[in-house]
Undergrad: 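Once you've had a glance at the structure underneath, I'll fire off some questions.
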Amino acid sequence: FGLPGRIDSMDVVINELLFDPPSYGADYVELYNRSSHIAALDSLCLARNASDGEPEDLIRLSNRIRWFLPGWHICFTPDPSWVKDHFVVDQSNRLMLLPKLPNYINDGGTVFLTRPNGKEIDRFDFYPDLHFALLSDTKAVSLERTHVNGPTNDPMSWHSASSIVNYGTPGGGNSQLISTNEPKTEKLFTLSPDIFTPDMDGTNDQLIISYTFENPGTKGSFIIYDAEGRPVRNLVNNRSLGTSGQFAWDGTDDDHRRLPPGIYIVWARVFDTEANIREFKDSCVLGSKRR
């Protein structure tokens, strides 16, 4: 049980924005409650900037009492069905219909988060150049906040969502969120388990490749080699990566044929916008099917 508290500036922040969807899609704005108390959605509004830079019509987020709990992400869009079809939405209750959500201009503008009286809670001055410089096309790519405690209008606070999540995480944790708790390591990735057996018995059926980077803006490739040094599976090919994530390998080659048991090498090569290149490899064991 709980009661809503007073929402002050930056208690609730703009956390993700899709402002350039395809013609058949829809914009969305995701908010994050970073405070320790409950917010009331009927006391919050979204708006875009008018020609004079001030907020246009304030769109109330709910016409009835609805709580916004601490630590929650909630995504607002005029077309939840399209968002669910295009992106992976783990919790549908974090995706809310907002028919009058402002149409944010593709060339850039401002997202305002306010109280009904117009008092500003947060604002995001967005523009296309905030996207990852190595992306050739930013259509249907959202901008994600990389950390929730920094200033919203710091360009370092934003990055394009990872291709691994189909360029958006509406209603969930951001793919480009920078973790301050991860220990630094020279390894680009870790493998688990040491021996995996893809026999569909529910135990160690896949090799899990986990990676963590200190900063967003990394692209990379992951390739599986056999013990003779021959490439057998191009797992990830030059894709933009989040600050953390996982891939799974099921023990098959590029033609989806089961590979024989033995030692295999996972090799990765990643690079960033500063042309820093890192490579790393580690071994795993593909076990035989259990009888």
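Computed from a predicted structure; not experimentally measured.
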Undergrad: Would you kindly confirm whether Ile164 and Val88 end up in one hydrophobic cluster when ILVMFWY residues are joined by side chain heavy atoms under 4.5 Å apart?
TA: no
Undergrad: Can you give me the closest heavy-atom contact between Asp27 and Pro21, atom names plus distance?
TA: OD1-CD, 3.0 Å
Undergrad: Check step by step if side chain to side chain donor-acceptor pair (under 3.5 Å) holds for Asp125 and Asn153.
TA: CA-CA 6 Å; Asp125 300 321; Asn153 278 325; 3.1 Å; yes
Undergrad: Are any non-hydrogen side-chain atoms of Leu101 and Leu46 less than 4.5 angstrom apart?
TA: yes
Undergrad: Return yes if some donor-acceptor pair links the side-chain N/O of Asp137 with the main-chain N/O of Lys139 below 3.5 Å, else return no.
TA: yes
Undergrad: Spell out, as yes or no, whether a donor-acceptor pair under 3.5 Å connects the side chain of Ser175 to the backbone of Ser162.
TA: yes
Undergrad: Report yes if the side chains of Arg233 and Thr252 come closer than 4.5 Å at any heavy-atom pair, otherwise no.
TA: yes
Undergrad: To the nearest 0.5 angstrom, please state how far the CG atom of Asn276 sits from the OG1 atom of Thr218.
TA: 9.5 Å
Undergrad: Does the Glu120 side chain pair with the main chain of Thr114, one donor and one acceptor, at a distance under 3.5 Å?
TA: no
Undergrad: As a quick check of understanding, evaluate side chain to side chain contact (heavy atoms under 4.5 Å, CB included) for Ile277 and Val270, giving each step before the final call.
TA: CA-CA 6 Å; Ile277 300 174; Val270 302; over 6 Å; no
Undergrad: Are the side chains of Trp82 and Tyr24 in contact, using a 4.5 Å heavy-atom criterion?
TA: yes
Undergrad: Charged N to carboxylate O under 4.0 angstrom, Lys84 versus Asp90?
TA: no
Undergrad: Can you name the nearest heavy-atom pair linking Phe112 to Gly53, along with the distance?
TA: CZ-O, 3.4 Å
Undergrad: Working to the nearest 0.5 angstrom, can you tell me the gap between Tyr104 OH and Leu18 CG?
TA: 12.0 Å
Undergrad: Which heavy atom in Ser221 sits nearest to a heavy atom in Asn238, and how many Å separate them?
TA: OG-N, 2.9 Å
Undergrad: Given side chains that start at C-beta, do those of Phe196 and Trp249 come closer than 4.5 Å, heavy atoms only?
TA: yes
Undergrad: At what distance, to the nearest 0.5 angstrom, does CZ of Phe132 lie from OG of Ser163?
TA: 9.5 Å
Undergrad: Using salt bridge (charged side-chain N to carboxylate O under 4.0 Å, His left out), reason through Arg257 and Asp255 one step at a time and then give a plain yes or no.
TA: CA-CA 6 Å; Arg257 297 174 298 194; Asp255 294 322; 3.3 Å; yes
Undergrad: Less than 4.5 Å apart, any side-chain heavy atom of Trp72 and any of Val12?
TA: no
Undergrad: In sequence, state the C-alpha distance, the side-chain angles, and the governing distance for Phe87 and Tyr167, and then conclude on ring-ring contact (aromatic ring centres under 6.0 Å, His included).
TA: CA-CA 8 Å; Phe87 301 97; Tyr167 299 109; 8.9 Å; no
Undergrad: Going by the side-chain hydrogen bond (donor to acceptor under 3.5 Å, both in side chains) test, name the single residue among Thr243, Thr169, Asn15 that passes it with Glu144.
TA: Thr169
Undergrad: Closest heavy-atom contact between Gly168 and Ala161?
TA: N-CB, 3.5 Å
Undergrad: Do the side-chain N and O atoms of Asn234 and Asp254 include a donor-acceptor pair separated by under 3.5 angstrom?
TA: no
Undergrad: Of all the heavy-atom pairs spanning Pro70 and Asn33, show the shortest one and how long it is.
TA: N-ND2, 3.5 Å
Undergrad: Tell me if the centroids of the rings in Phe126 and Phe19 come within less than 6.0 Å of each other.
TA: yes
Undergrad: So, taking the atom named CD1 in Ile121 and the one named CD1 in Ile14, what distance separates them when rounded to the nearest 0.5 Å?
TA: 10.5 Å
Undergrad: Under 3.5 Å, side chain of Asp272 to main-chain N/O of Ala275, donor-acceptor pair present?
TA: yes
Undergrad: Just verifying a value: how many Å separate Leu44 CG and Ser62 OG, rounded to the nearest 0.5 Å?
TA: 10.0 Å
Undergrad: For a side chain to side chain contact (heavy atoms under 4.5 Å, CB included) check, start with the C-alpha distance between Arg64 and Asp42, then their side-chain angles and the critical distance, and finish with the verdict.
TA: CA-CA 6 Å; Arg64 62 183 178 87; Asp42 58 319; over 6 Å; no
Undergrad: Would you mind reporting whether Leu41 and Ile74 have side-chain heavy atoms less than 4.5 Å apart?
TA: yes
Undergrad: Can you name the closest pair of heavy atoms from Thr146 and Pro216 and give their distance?
TA: CG2-CG, 3.7 Å
Undergrad: In terms of hydrophobic clusters joined by side-chain contacts under 4.5 Å, are Leu95 and Ile59 together?
TA: no
Undergrad: Does Met10 offer a backbone N or O that forms a donor-acceptor pair with the side chain of Arg34 under 3.5 Å?
TA: yes
Undergrad: Can you tell if the side chain of His159 reaches within under 4.5 Å of the side chain of Leu143, non-hydrogen atoms only?
TA: no
Undergrad: According to a hydrophobic-cluster definition based on side-chain heavy atoms being under 4.5 Å apart (Ile, Leu, Val, Met, Phe, Trp, Tyr only), do Leu188 and Phe247 belong together?
TA: yes
Undergrad: Would Asp122 and Arg145 pass as an ion pair if we require N to O under 4.0 Å?
TA: yes
Undergrad: State, with a plain yes or no, whether a side-chain heavy atom of Pro55 is found less than 4.5 Å away from one of Arg48.
TA: no
Undergrad: Could you check whether any side-chain N or O of Gln176 sits under 3.5 Å from a backbone N or O of Ser160, counting only pairs where one atom can act as donor and the other as acceptor?
TA: yes
Undergrad: When you look at Lys187 and Phe189, which way does the side chain to side chain contact (heavy atoms under 4.5 Å, CB included) test go after all the steps?
TA: CA-CA 5 Å; Lys187 293 184 176 182; Phe189 58 82; over 6 Å; no
Undergrad: Rounded to the nearest 0.5 Å, how far does SG of Cys45 lie from CG of Leu61?
TA: 6.5 Å
Undergrad: Apply side chain to side chain contact (heavy atoms under 4.5 Å, CB included) to the pair Phe271 and Lys219, showing each step before the final yes or no.
TA: CA-CA 6 Å; Phe271 62 96; Lys219 297 188 74 171; 3.9 Å; yes
Undergrad: Ignoring hydrogens and geometry beyond distance, is a side-chain donor-acceptor pair present between Asn204 and Thr197 at under 3.5 Å?
TA: no
Undergrad: Given 3.5 Å as the limit, does a donor-acceptor pair link the side chain of Arg269 with the main chain of Ile223, or not?
TA: no
Undergrad: Please walk me through it: do Glu16 and Tyr28 pass side chain to side chain donor-acceptor pair (under 3.5 Å)?
TA: CA-CA 8 Å; Glu16 186 173 348; Tyr28 69 69; 2.6 Å; yes
Undergrad: Counting distance only, does the side-chain N/O of Asn174 pair as donor-acceptor with the main-chain N or O of Leu177 below 3.5 Å?
TA: no
